[in-house]
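I have placed the structure first, in the form of structure tokens, so that the comments after it can refer back to it.
Throughout, a chain's letter reflects where its sequence line sits, starting with A, and its residues are numbered from 1.
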Amino acid sequence: TFSPAPGSLQLTINHDIAADLDSTNAFEGPEKLLEVWFAPSPTALPPTARDNGLKGVSPSTWEGMLDMVNCKVLSIVKSDHVDAYLLSE
Amino acid sequence: SSMFVFPHKLILKTCGTTTLLLGLRRLLRIAAVDAGFPFHNAASTEDINVAATPHRVFYSRKNFLFPDRQQGPHTSWKEEVKFLDDTFENGSAYMVGRMNADHWYLYMTTPTSSALTPPLTPRSSNTSSPTRTRKIPTGIVPHVSGAGDAPADETLEVLMMDLDPELAKQFYLEQASAVASKQVPAQAQEARRAALGSLGDIDSTVDVFENCGESDLAGGQGAEIDVTAGEAMTTEGHALGTVVSDTCGLAQVYPTSHYPDARIDAYLFSPCGYSANGVVPAPDAGAEANDNKPAHYWTVHVTPEPICSYASFETNVPSGQNGRRTSDTIQHVVDIFKPGRFTVTFFETKNKTADDEAVPQPAARAGVDKRMDGIKGYRRMDRIIHEFDDYHLVFRYFERE
């Protein structure tokens, strides 16, 4: 493991999923969009929140949730302010 | 599909027949147990039903093409609203647009202060029933320093239907492979580097987990390698996604010439389909100087098959940043796909100035900018404005001339 320098980005590719993904049966275009806020801003996290709030949650923990959604992680770009997950389906 | 995780919020946008809302309660539990956000529906995090109290929630979508093939609560808007109403207090559901044509749905909760909404009585911690009977309050956010300084928030979403068939071919594996094979390797490499933002030049690292399992992906057990090796170990889907990003024009929506720190992660699916995430740090938000300067995102999803061709573009990069107007962004994206019709939704926070209630200031609002009505090659059919307590929503519907 490592800690990227401030301002840097880190790309992670999940080869297990991304290498052999078959999307033949995908058919529905319109997506569903969910946005959940737990604080008004990144600088207004409640005192009980861990450092970095949601961003401090490990990808494996999110994977458990994403399994319920029927999505798999293809790759992740991590930055200081936001982590962007590219997902299957 | 895509997910964006900020310290204070999470955005999850999922395609096809995914069951997005079935992950909601797990999300609320993770926010309480793993991120430490306050909860009011349980005595402790040991309770299986513990759920963090969100500040606010948005759920939205366009009308489905094949609703009968959706799963879980997603077979109808009524069922989705019921699921959300069973989960949250203070929720409101809206339909925007023509019922007999393309329309758009929105569910949102309204933040309320803890003074107005007392916490619910904690549930017994020894219950193990998976059936939650109490709704989760929203908006109960402890006052902390900076809570009143929430930055302006805006989101643009362009949903395009009936894509130009020739342009849609770009998003097929076969065509993308042919395009890639015509590029000399150096050009292909350069395209990938451009899309990823010249990783090697900015003290970044590519962390590749080859043949890893789920726990490996999560635990960060992969080997740190240099950029050159990372390029070689990319997947076909990612490599072709990068080529498509460059050739179709999406890489130029927020070009590195104007947004030098912007990054794109793209994937081309087999046999077709494309997804991309962009991360756009705020201008001059380099290195350690701007911890409070946010990064923004954009995301694109493309389904190119003629029977259900569709593309979506979403961004929260502020309008006017680096001189680029929202109307310019819309025109750029629409020109990539040349859809037969499309909708534009634009969400923006209200001006919080003291005279906001007394003196409306429409001229200052990007959402009502007349330039957004004049997309070349299209006729605006509808413009519908919703005014919520703290947000404006402008919905537009366009058809090809």
Side-chain angles (χ1 to χ4, degrees), chain A residues 1-2 4-16 18-19 22-23 26-46 48-50 52-55 57-61 63 65 68-71 74-75 77 79 81-87 89, chain B residues 1 3-16 18 20 22-23 26-27 31 34-38 54-62 66 142 144 146-147 150 203-204 206-208 210 214 217-218 220 224 235 237 263 265 267 269 273 277 279 286-288 294-295 303 308 310:
Chain A
T1 60
F2 67 99
S8 70
L9 287 95
Q10 172 194 356
L11 169 67
T12 302
I13 294 176
N14 185 2
H15 282 249
D16 258 4
D22 184 348
S23 299
F27 62 92
E28 169 75 62
E31 312 100 327
K32 313 151 181 91
L33 173 61
L34 177 68
E35 186 165 330
V36 184
W37 295 54
F38 292 94
S41 78
T43 57
L45 299 184
T48 57
R50 314 262 197 278
N52 245 349
L54 298 171
K55 211 172 156 307
V57 175
S58 73
S60 70
T61 303
E63 280 183 334
M65 178 196 73
M68 303 172 84
V69 177
N70 287 319
C71 285
L74 297 175
S75 48
V77 171
S79 74
H81 302 280
V82 57
D83 295 340
Y85 288 66
L86 201 60
L87 307 175
E89 177 85 37
Chain B
S1 300
M3 180 167 77
F4 297 92
V5 182
F6 297 81
H8 64 301
K9 68 179 177 180
L10 182 143
I11 298 167
L12 182 54
K13 190 169 193 174
T14 69
C15 310
T18 50
L20 172 53
L22 296 186
R26 177 69 70 90
L27 163 61
D34 298 278
F37 284 98
H55 170 58
R56 67 181 315 160
V57 178
F58 301 91
Y59 175 75
S60 67
R61 66 170 175 85
K62 180 190 167 296
F66 306 98
V144 294
D203 190 26
S204 296
V206 176
D207 195 15
V208 175
E210 189 168 31
E214 291 183 0
L217 173 68
E224 183 180 342
T235 68
R263 307 286 179 265
D265 183 20
Y267 190 90
F269 294 86
N277 288 340
V279 175
E288 51 264 66
T303 304
C308 54
Y310 174 87

So what's closer than 4.5 Å to chain B heavy atoms on A:Val57: side chain, backbone, both or neither?
side chain

Do any N or O atoms from the side chain of B:Thr18 and from the backbone of A:Asn70 form a donor-acceptor pair under 3.5 angstrom?
no

Between CG of B:Asp265 and CG of A:Leu86, what distance do you get to the nearest 0.5 Å?
5.0 Å

Between A:Val69 and B:Gly23, which heavy-atom pair has the shortest distance, and what is it?
CG2-CA, 3.9 Å

CG on B:Leu20 to CG on A:Leu33, rounded to 0.5 Å:
8.0 Å

Do A:Val77 and B:Asn277 have side chains that get closer than 4.5 Å, going by heavy atoms?
no

Heavy atoms of B:Thr303 and A:Gly29 approach each other most closely as OG1-CA, 3.6 Å

Please report the interatomic distance CH2(A:Trp37) to CZ(B:Phe6), rounded to the nearest 0.5 Å.
8.5 Å

In this structure, CZ of A:Arg50 is separated from CG of B:Asp34 (nearest 0.5 Å) by 7.0 Å

Please check if the side chain of B:Lys62 supplies one atom and the backbone of A:Lys32 the other of a donor-acceptor pair under 3.5 Å.
no

Is any side-chain heavy atom of A:Leu45 closer than 4.5 Å to a side-chain heavy atom of B:Phe37?
yes

Using a cut-off of under 4.5 Å for heavy-atom pairs, which of B:Val57, B:Ile11, B:Thr14 has the most such pairs with chain A?
B:Thr14

Taking every non-hydrogen pair under 4.5 Å, which of B:Val5, B:Val279, B:Leu22 racks up the most with chain A?
B:Val5

When you measure from the side chain of B:Lys13 to the backbone N and O of A:Glu31, does any donor-acceptor pair fall under 3.5 Å?
no

Could you tell me which of B:Tyr310, B:Phe66, B:Phe269, B:Tyr59 has the largest number of non-hydrogen atom pairs under 4.5 Å with chain A?
B:Tyr310

I need the B:Phe4 CZ to A:Glu35 CD distance, nearest 0.5 Å.
11.0 Å

Closest heavy-atom pair, A:Pro46 versus B:Pro38, reported as atoms and distance to 0.1 Å, is CG-CD, 3.6 Å

side-chain contact (heavy atoms from CB on, under 4.5 Å) test vs B:Leu10 passes for just one of A:Leu34, A:Leu54, A:Asp83, namely A:Leu54

Counting C-beta onward and ignoring hydrogens, is there a side-chain heavy-atom pair between B:Leu12 and A:Met65 closer than 4.5 Å?
yes

Given A:Ala19, A:Cys71, A:Ala39, the one with more heavy-atom pairs under 4.5 angstrom with chain B than any other is A:Ala39

Is the side chain of A:Glu89 donor-acceptor paired with the backbone N or O of B:Ser1 at a distance under 3.5 Å, no angle test?
no

Could you give the distance from CG (B:Leu27) to CZ (A:Phe38), rounded to the nearest 0.5 Å?
4.5 Å

Side chain of B:Tyr267, backbone of A:Ala18: donor and acceptor closer than 3.5 Å?
yes

